[in-house]
Amino acid sequence: MAVVLAQGAEVALYHDAPPVLGVVKPSSPAAKAGLQRGDRILTVESDEVSTIKEVLQRASKITAGKTLNITVEREKEKRERKITAGDGL
């Protein structure tokens, strides 16, 4: 099972798990923002996160049409990403 984050990115359902993306659907807002499978979410709106629960708590405050700013780690490099929130966020 997975939780959909950012319209097209999925993370494991376990809330205490590290926030690592398992699936990024092609042509989704997450894919358009440059997210990829295996990206670890480090911050949401400048707040550090270490669990999926923390990611979901912060992301749930963003309303549809607004931009969600996140930092991910991929291949030991930090990358800033902006995702436009959709109805499923």
Can you find a side-chain donor-acceptor pair between Thr43 and Glu48 that sits under 3.5 Å? no
Interatomic spacing from CG in Leu42 to CZ in Arg40 - rounded to 0.5 Å: 6.5 Å
Checking Arg81 side chain against Ile70 main chain: does a donor-acceptor pair fall under 3.5 Å? no
Report whether Val72 and Ile62 are members of the same hydrophobic cluster (ILVMFWY, side-chain heavy atoms less than 4.5 Å apart, transitive linking). yes
To the closest 0.5 Å, what do you measure between CG (Asp39) and CD (Glu73)? 9.5 Å
Gap separating the CZ atom of Arg58 from the OG atom of Ser46, nearest 0.5 angstrom: 11.0 Å
So how far is it from Ile83 CD1 to Leu35 CG, rounded to the nearest 0.5 Å? 4.5 Å
Quick one: pull up OG1 in Thr67 and NZ in Lys82 and give me the separation to the nearest 0.5 Å. 7.0 Å
I'd like to know if the side chain of Glu45 and the backbone of Asn69 have a donor-acceptor N/O pair within less than 3.5 Å. yes
Which heavy atom of Pro19 sits nearest to which heavy atom of Ser50, and what is that distance? CD-O, 3.4 Å
At their closest point, which heavy atom of Val44 faces which heavy atom of Ala59, and how far apart are they? CG1-N, 4.1 Å
Option from Arg79, Glu75, Arg74 for which side chain to side chain contact (heavy atoms under 4.5 Å, CB included) with Glu77 holds: Arg79
